[in-house]
Amino acid sequence: MKTRSILLAGFVLGTFAISGVSLVAVTHEAVDGRIADNQYQAMKRKLETILPAGRADNDPLRDHIQVAARDLLGTETTQVYRARKGEDPVALVLEPVVPDGYAGPIKLLISVLHDGTLGGVRVVSHHETPGLGDKIEEAKSDWILAFTGKSLTDPPLDKWGVKRDGGEFDQFTGATITPRSIVNAVKNALLYVDQQGDRLFRPVEPAVPAEREKS
Amino acid sequence: MSAPPSYGHIIGGGLWRNNQSLVALLGLCPLLATTTSATNGLGMGLATTAVIVCSNGTVSLVRHLVRPEIRIPVFVLVIASFVTLVELIMQAFFYEMYLVLGLFISLIVVNCMIIGRAEAFASKNRVDRALLDGLAVGLGATLVLTTLGALRELVAQGTIFYQADLLLGDWGRVLTVRLGDDFQGALVAILPPGAFIGLGLMIALKNLIDRRVERRGPAKATARPIVPATASSA
């Protein structure tokens, strides 16, 4: 009798598990395309704000490679998106991580034009203090826009810092750590692009599979 | 068991008398963490309401099938499935809102309010009452989340329903209220301590209203609980 009741309980529990999983699986199947599309559109809108309008004719989101440069880009591996016009390179978009934000890592999106100047920098996600460090968001202040057009020679390398450290870039009242680490990360990303040169524009090699592509 | 609660009793209990956020103080993690704006509070509240209605309904439907020994794992399975559904649907149709609320949507799974209603109410009552209870409790929580969000937003940056279009589409912009362009707010309101202070004030206000009502007419105290509930959100 006891065995039977245990079996029955197990059966009921199993039934619930199976129906729960099926329900989730069916919904997932139904909305999966839409979610992928949302992510694609959101990323595309972000890229458009930091890439020069009309200069590229490819879709950078479908032309990307994975690179590993922990020292300069702050994370084990990161994507590099390539914007081209025909065969000519136009710009690169990198997704470095600022490892030393005031309250944890800050994710950036940086575009570097082929002449080495910055097309723009945006903060993708952060945990900085609201009202102080969060002025790095474009929605909260214009600070992040000051990077547009800068390069490793403008300002010169030793001026790539916040004003308190003798550099060129503003800090915020009450928050120096956040701007300092972002300026540093942007500089490092520029150094990385400079080091790699045109290698980053090479066509995708079979060794670097661009999987998860959907046409 | 005594007679099942009346519909009015269920609604009044969920929205006001036994408001899970203000009286039972359940689900405080999302309440304190996501209410940095009225829009976020409303989004979180509606997502929670959807889960609680679905889970209450399901739990009530199967209440005779499920043996007491396995009821908790069954509740957890049911709730987890619905939370995943809500998460997927939000990603598909309210992607921007999903990006803002992010992790807290998944964390609805561990919101004690939901398993609490499943255990205390839905597993003992008919489906119609269970659904109504889910709706009332969910909306009660939504009201508190939205009010607290509006309050914190107002004090910190002088807006109400900022970015409401993320949740409600273009006409959400109509809701946005802005007090001048150079509003200098109190930053503390949007930081974690502001959430605790705001919640404390709201609980105090509810107790104050309850006491007033009680003093005026003890017999009518439970008869019209909905009126002050809507009044407090203004």
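Letters go in sequence order (proteins before strands), and every chain restarts at 1.
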Requested in this report: Counting only heavy atoms closer than 4.5 Å, note whether A:Gln41 contacts chain B via side chain, backbone, both or neither.
Outcome: neither
Query raised in the report: When the ring planes of A:His114 and A:Phe201 are compared, do they come out parallel, tilted or perpendicular, using 30° and 60° as the limits?
Result: perpendicular
Query - Heavy-atom pair count under 4.5 Å with chain A, highest-scoring of B:Ile190, B:Val62, B:Leu65, B:Leu88 - result: B:Leu88
Query raised in the report: Which answer fits B:Gln91, side chain, backbone, both or neither, if we ask what part of it has an atom under 4.5 Å from a heavy atom of chain A?
Result: both
Requested in this report: Against chain B, label A:Thr129 side chain, backbone, both or neither, depending on which of its atoms sit under 4.5 Å from a heavy atom there.
Outcome: side chain
Query raised in the report: When you check the side-chain N and O atoms of A:Thr178 and A:Glu128, is any donor under 3.5 Å from an acceptor?
Result: yes
Acceptor/donor pairs from residues 12-23 of chain A side chains to any protein atom, 3.5 angstrom cut, sequence neighbours excluded:
| residue | atom | partner | partner atom | Å |
| --- | --- | --- | --- | --- |
| A:Thr15 | OG1 | A:Phe11 | O | 2.6 |
| A:Ser19 | OG | A:Thr15 | O | 2.6 |
| A:Ser19 | OG | A:Phe16 | O | 3.4 |
| A:Ser22 | OG | A:Ile18 | O | 2.4 |

Requested in this report: Flag the one option from B:Ile89, B:Ile70, B:Val78 with the top tally of heavy-atom pairs under 4.5 Å to chain A.
Outcome: B:Ile70
Query raised in the report: Between A:Trp143 and A:Phe172, what is the ring plane arrangement, given parallel below 30°, perpendicular above 60°, and tilted in between?
Result: perpendicular
Query raised in the report: Strictly by modelled atom types, are B:Asp133 and B:Asn56 linked by a side-chain donor-acceptor pair under 3.5 Å?
Result: yes
Query raised in the report: Of the backbone (N, CA, C, O) and the side chain (C-beta and beyond), which part of B:Leu191 lies under 4.5 Å from a heavy atom of chain A, both, or neither?
Result: side chain
**Report entry** Residue selection (most heavy-atom pairs with chain B, distance under 4.5 Å) from A:Asn38, A:Asp37, A:Leu132, A:Val31
**Finding:** A:Asn38
Report task. Check the angle between the aromatic planes of B:Tyr98 and B:Tyr95 and answer parallel, tilted or perpendicular using the 30° and 60° thresholds. Result -> parallel
Requested in this report: Would you mind checking which part of A:Ala42 comes under 4.5 Å of any heavy atom in chain B, side chain (CB onward), backbone (N, CA, C, O), both or neither?
Outcome: side chain
